[in-house]
Structure formats: C-alpha cells, structure tokens
Amino acid sequence: MTAIETQQGRAIRLAGISKHWGETTALSEISVEAPAGSFTALLGPSGCGKSTLLRIVAGLEEASGGQVLIGEEEVTGRPADKRDLSMVFQSYALFPHLSVAENIIFGLRTRRVARAERMARLAQVAELLGLAPYLDRKPGQLSGGQQQRVALGRAVISQRPVCLMDEPLSNLDAKLRQTMRTELRALQRELGFTMLYVTHDQVEAITMADQVVLMNAGRIEQVASPHDLYERPATIFAARFIGTPPMNILPQSALGETGARLAAELGGDLAFGMRPEALRPDPQGLLEMQVTGGEYLGADALVQGRIGGAEALMRVPGQALPEQGTALRVALAPQDLHLFDAGTGRRIDYPQPASPMARPGHPAGSSGAMSPLSNPKEP
Amino acid sequence: MRKREWIYGWLLILPALTLIFLFTHFPAVLTLLHSVFSTPRGRKAAHFVGPANYERMIHDPVFWKVLTNNLWYALGTIPVAIALALLMAVLVNRPFPGRALSRMAFFTPTILPLIAVANIWLFFYTPGFGLIDQILGLFGQGQTNLLGDPATALPALMVVAVWKEAGFFMIFYLAALQAIPPQLAEAARIEGAGRWTIFRRITFPLLMPTTLFVSINAVINSFRLVDHIFILTNGGPDNASSLLLFYIYETSFRYWDTAYGATLTVVLLALLCLLAIGQFFFFERKVHYK
C-alpha cells in the first residue's frame with residue numbers, strides 16, 4: 001500500500017522512574033514495559049503524571065530517579081534527539097511560518113538528509129496521510145484534522161522505532177476524533193513502531209491500545225489489556241475510571257447480612273462493585289433497588305436509585321424505564337460482582353464466586369443452590 | 001434613529017479628533033506652508049517665496065553634513081541596538097537565579113530621561129577623570145577627549161543611544177519570545193535541531209513582526225532623539241555630532257530662522273515616511289503574522 005519501510009519497533013522499559021518538583025512528587029517509582037511494536041496507552045485523570053512520564057521518555061524532562069531503556073539500551077541521560085524517537089504534541093507544535101512540506105521534512109533537514117531522498121519520503125508520507133494537495137500551505141490555513149495529519153507526518157517521516165503521542169486527538173471534534181482513532185491505530189500497525197500514547201479519554205485507550213497503563217496521583221493503578229481492565233479492575237479507582245457510567249461501588253453495609261458474611265469469610269472491610277450494565281431488573285433478584293430517578297438515553301436508559309441505602313445506577317433498555325419511587329428487584333450474575341478491600345481499594349479475588357453467597361439466611365431468602373444474587377437461568 | 005446614532009458616534013470621537021487635528025495635523029500643514037514663505041522679521045511680514053528655502057537647503061553644506069551624520073548615526077545605532085536587545089531578551093527569557101534583577105537592570109536605561117542618561121555619560125566621557133579615562137589610565141594611556149574629537153564625537157553619541165534604546169527594544173522581544181509556545185522548540189529538539197538551528201529556523205522567523213515594529217521605531221528614534229546632544233556636545237566640534245533634528249532646533253529657535261526650520265522639518269518628515277514605507281515593503285515577505 002505504501003513504500004514507507006515497515007520498521008522494527010523497540011521496547012520501552014521504565015525502571016523505578018520518579019519525579020519530584022521541590023516538595024511535590026509527580027511520579028513515584030514507575031516501572032512498566034511497553035513491548036516492541038505494541039500500542040501502549042498511558043491513561044489517567046489530569047494531573048496524574050502521565051504527560052510528565054511521557055516527557056521523561058522523550059528526554060524533554062529529566063527524571064529525579066530511575067532508568068529509561070529503549071530497546072534494552074539505557075537512554076536516561078541522553079538528549080531528546082539521541083533517543084531515536086518521534087513525538088506528536090497535543091498542540092501539534094507545527095511551525096507556523098513554515099509550509100506543510102517544510103514542517104514535515106524539518107527533521108530530515110536538520111539531519112542533513114539529501115534533497116532527493118527528502119522529496120521522495122515527503123511524497124510517500126503526503127500520500128499516506130492524504131496531505132498531497134496541501135503541501136504548499138501554511139499550518140494556519142489548514143483545518144484541525146489536517147494540522148493533526150501534518151504533525152503525524154512529521155513524526156512518521158523519520159521512520160523511528162518509537163513514537164510518543166501526548167493527547168494528540170483532544171483538540172479535534174468528536175466525529176473527527178473517532179475517524180482519527182481508527183487511522184492512528186492502522187498507521188501504527190502498518191508502520192510497526194512502538195507507540196506510547198498519553199490520553200485522559202478512556203474510550204481512546206480502550207479502543208486503540210494493546211496495553212493500558214492506568215495511572216493515578218503519580219502511581220500506576222493497573223497495567224492490563226483493555227479487556228482485563230474492564231473485566232477485572234485491580235482497584236476501586238480503576239473500576240470507577242473505566243466504564244461509562246462508572247461502576248457502582250456499594251459499601252459492605254448495603255448488602256446487609258450477605259455483605260457481613262462475605263466480609264467475615266474473606267476478612268476485612270469490603271466494598272462491592274457492580275457495573276450498571278451488569279445489573280438487571282428481575283422479580284426474583286435478591287437485591288432491592290429503590291428507584292429515585294431515571295435518564296432516558298435513547299437506545300437505553302439509566303435508572304438512578306438506592307441499593308441498601310447506597311446510590312447506584314442500572315442500565316436498562318430504553319423503553320423499560322421504571323417509575324420513580326418503585327422498589328425493583330435486581331439481579332446480578334455472580335461473575336459480575338467485584339470485591340474490593342474497602343481500606344486499600346485493592347481487588348479481592350475469591351475462588352468460587354457463587355458458593356460463598358449461596359447460603360441460607362440472606363434477608364431476601366434463597367432460591368436454591370445458586371447464588372442469591374443471580375437467578376436460575378430460564379431454560 | 002440612524003442619524004442620531006451617527007451624531008452620537010461623532011460626538012464620542014470629537015475630543016480625540018480635536019486633539020489630533022489641533023496638535024498633529026494642523027501644525028504639519030502649517031509647517032508645509034511656512035516652508036514656502038519667508039521668515040517674518042520685525043515689521044517685515046512673511047511673503048511667499050516659492051521653492052527658495054529648498055534651493056537654499058540644497059546649497060547648505062551644514063544640511064548635507066547633518067544629514068550624512070544622521071545616516072551614519074542610524075546605520076550605527078539601529079542594528080547594534082536591535083541585536084543587543086535580542087541577545088538580552090534571549091538571555092533573560094531563560095530561568096536563572098537573579099532573572100528579575102537582570103531584566104530590571106537591562107530595562108533601567110529606558111526609564112531614565114535621556115537628559116539624565118546624557119549627564120551620566122558626560123561623567124564617563126570627561127577627559128582626565130571620567131570613568132573611561134580612569135580605566136584607560138590603569139593601562140598607562142593618557143587623556144582622551146572622545147567628545148571633543150570630530151572623529152569620535154558621533155560614535156560616542158551612538159554608544160549612549162544604543163545603551164538607552166536596547167533595553168526598551170528588549171521588552172518587546174521578551175514579550176514576543178514568551179508568546180512562542182515552548183512546544184515548538186521541544187518538537188524541533190526531538191527532530192534533532194540544536195540551539196542555534198532552533199533560533200535560526202524557528203525563533204528568529206517567528207520574531208519577525210517584532211523586528212519590523214522595533215526597527216521602524218528605531219529608525220524614527222534615530223531621527224527623533226537628540227536630547228543628549230544638548231548635554232554632551234552641542235552638535236560640535238564643527239557640526240561633527242549634529243543631527244538633522246538638532247540642526248532644525250538650532251535653526252528655528254537659536255537663529256530664529258523659522259521658515260528654513262520649517263523647510264528642514266518637511267524634509268525630515270518626508271524622509272521618515274519613505275523609510276517606514278520602505279521597511280514595510282522590505283519586510284513584507286519575511287514577516288509571518290499569526
């Protein structure tokens with residue numbers, strides 16, 4: 001499809017990276033690896049240190065401690081241009097006084113690549129990104145999406161094994177962002193470089209990445225594939241950060257005796273996590289939800305209510321929005337119940353999800369040997 | 001309704017218009033008129049003389065002398081002041097301890113009146129016990145009279161002007177430097193550009209609008225700022241350090257030859273207009289506005 005060489009990506013390994021600004025700690029002991037040729041997203045709320053981490057990898061910021069390795073080579077002390085990587089900035093950082101073509105070949109010029117090769121590579125990149133008609137324009141004459149492509153062009157023309165991106169899509173409108181997500185992912189696959197991608201948008205991370213590094217307050221919360229991040233969040237923070245609307249986290253008291261019994265069995269104070277989309281109304285369900293409101297979203301609807309006194313949300317089909325004030329029986333499949341230590345916020349894995357809950361004595365009674373939270377499947 | 005708004009609008013700008021016409025346009029037109037009349041003396045009223053004043057000017061060796069002086073003065077001060085301003089701005093744009101103090105120190109000459117600046121420099125230049133001679137004395141040099149020598153009087157004035165102006169231009173460059181997003185330099189760094197390349201290919205081109213603004217101001221100032229001549233040399237020796245505006249002042253208010261003074265003024269204004277327009281054309285292609 002394109003003549004641009006497919007390059008071998010290089011793995012990025014961070015070992016114990018810390019960053020302090022005077023008294024404040026921006027990053028503490030970050031150790032993580034982005035495998036060669038993978039798409040790794042650094043995800044987290046603003047101020048969690050993900051951009052600082054990226055800048056440390058880029059060599060634009062110096063770490064207070066720890067090591068950066070790219071392709072098993074230690075580069076911690078090397079300047080940015082000796083790390084063999086390219087970067088796309090949130091603001092694109094296009095040079096406003098240079099034409100699109102000059103912007104793209106800027107790096108080739110500074111590295112004194114011969115003119116013939118510069119032009120040949122420019123033509124390939126322009127074709128790859130659909131920029132051919134705009135090469136003579138100034139960045140100011142382009143739309144946001146086109147500027148984004150120019151920034152991408154400047155990053156890929158140098159054929160580096162590693163590409164860093166700092167929230168590259170956050171300045172685009174929603175529709176364009178969706179298109180660019182697909183394009184970026186395809187570009188990365190096609191060219192084969194290792195991508196480290198900073199975003200605060202969980203959708204970007206989940207849809208594009210092979211591996212997501214979820215960060216919070218200068219620490220790593222979880223490193224997992226998008227699937228595992230959603231299915232098996234390691235902490236309450238991870239559970240609440242991924243998924244829209246966020247997972248319901250109910251205190252132990254909200255589940256009454258079942259809660260107390262599980263706590264006694266597993267030890268310590270528990271918190272229960274249930275995704276709004278995992279809950280469903282069921283006359284034989286063992287949870288009771290007091291409906292306090294609802295939000296109609298078209299295809300589906302969100303029911304707001306209380307389970308055992310704690311706020312909770314449930315996603316139901318759009319036409320099934322219950323009346324306010326009604327009390328609903330709600331069921332949940334046992335594998336959809338997440339247990340967390342209420343003190344540390346860490347996930348607790350329990351061996352047999354159904355068994356500890358299928359004991360008599362639950363306030364709502366038991367419907368047999370199955371979990372009280374679920375119902376016997378209809379045949 | 002439309003008409004009332006119209007009147008209201010004119011009333012609002014009337015005060016500003018009055019001031020501009022009274023003190024800028026009216027005197028300018030009057031100067032043009034005076035330049036084609038003779039100077040009124042005693043009972044002899046001014047009478048129309050046509051281009052006589054301009055003919056006199058063309059044959060006036062002092063006029064050519066001060067004009068040449070002024071061109072050298074402009075050529076000597078403008079590039080140096082701008083280069084120095086840019087250098088100082090780049091220096092104090094970076095974080096380092098004592099940055100605010102350095103910025104203030106560089107800017108101080110701008111706050112001082114030129115008359116006061118000239119008096120300070122008079123102490124520096126004084127033959128025998130001035131600062132310069134004291135330092136030169138350490139190396140066994142004899143007395144120098146920089147202001148009294150026709151060869152050095154003008155350069156001595158130029159040094160004062162550069163010292164006075166560079167700090168002022170620095171402020172504009174500093175503001176412009178801070179308006180350049182730091183990501184541009186970071187992106188260039190990742191693409192392998194060194195400091196000098198970044199300055200040459202990114203920073204300097206992006207400062208072009210400021211350079212245009214500053215250079216037009218510098219040109220105007222090189223014809224406008226003559227206060228220090230009064231203190232330091234009075235135009236001497238033998239008009240070696242006299243500039244056009246200083247000559248206009250002497251002609252008009254010392255020798256009271258107002259018609260000839262008006263003629264010289266018209267030439268000065270025309271020259272400044274030409275230079276400003278010329279600069280706009282010269283810079284047009286090189287300036288990138290956001």
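Chain letters run A, B, ... following the sequence lines, proteins first, then strands; residues in each count from 1. Scope of the values below: all heavy atoms of this structure, side chains included, with no hydrogens, waters or symmetry mates.
Between Ala193(B) and Phe106(A) the shortest heavy-atom distance is CB-CE2, 4.0 Å. Shortest non-hydrogen contact noted between Ile190(B) and Arg111(A) is O-NH2, 3.7 Å. When all heavy atoms of His97(A) and Leu206(B) are compared, the pair lying nearest together is ND1-CD2, 3.4 Å.
A heavy-atom distance below 4.5 Å is not found between the side chains of Phe95(A) and Arg201(B). Put simply, the side chain of Leu184(B) reaches to within 4.5 Å of the side chain of Pro96(A), judged on heavy atoms.
Around CZ of Arg195(B), the count of heavy atoms belonging to other residues, nucleotides or ligands within 6.0 Å does not exceed 12. Residue Asp173(A) qualifies as enclosed at atom CG: its count of foreign heavy atoms under 6.0 Å is above 12. Within 6.0 Å of CZ on Phe96(B) lie more than 12 heavy atoms contributed by other residues, nucleotides or ligands.
With chain B as the partner, the residue from Arg109(A), Lys82(A), Arg83(A) showing the most heavy-atom pairs under 4.5 Å is Arg109(A). Interface check for chain B: of the options Ala155(A), Ala93(A), Pro79(A), Ala80(A), the most heavy-atom pairs under 4.5 Å are formed by Ala93(A).
With a 4.5 Å cut-off on non-hydrogen atoms, Leu98(A) touches chain B through its side chain but not through its backbone. Neither the backbone nor the side chain of Ala185(B) comes within contact range of chain A; no heavy atom of the residue lies under 4.5 Å from a heavy atom of that chain.
Between atom CD of residue Glu191(B) and atom CG of residue Asn103(A) there is a gap of 10.0 Å, rounded to the nearest 0.5 Å.
Here the rule is side-chain contact (heavy atoms from CB on, under 4.5 Å) with Glu186(B), and of Arg55(A), Glu61(A), Met87(A) only Arg55(A) fits it.
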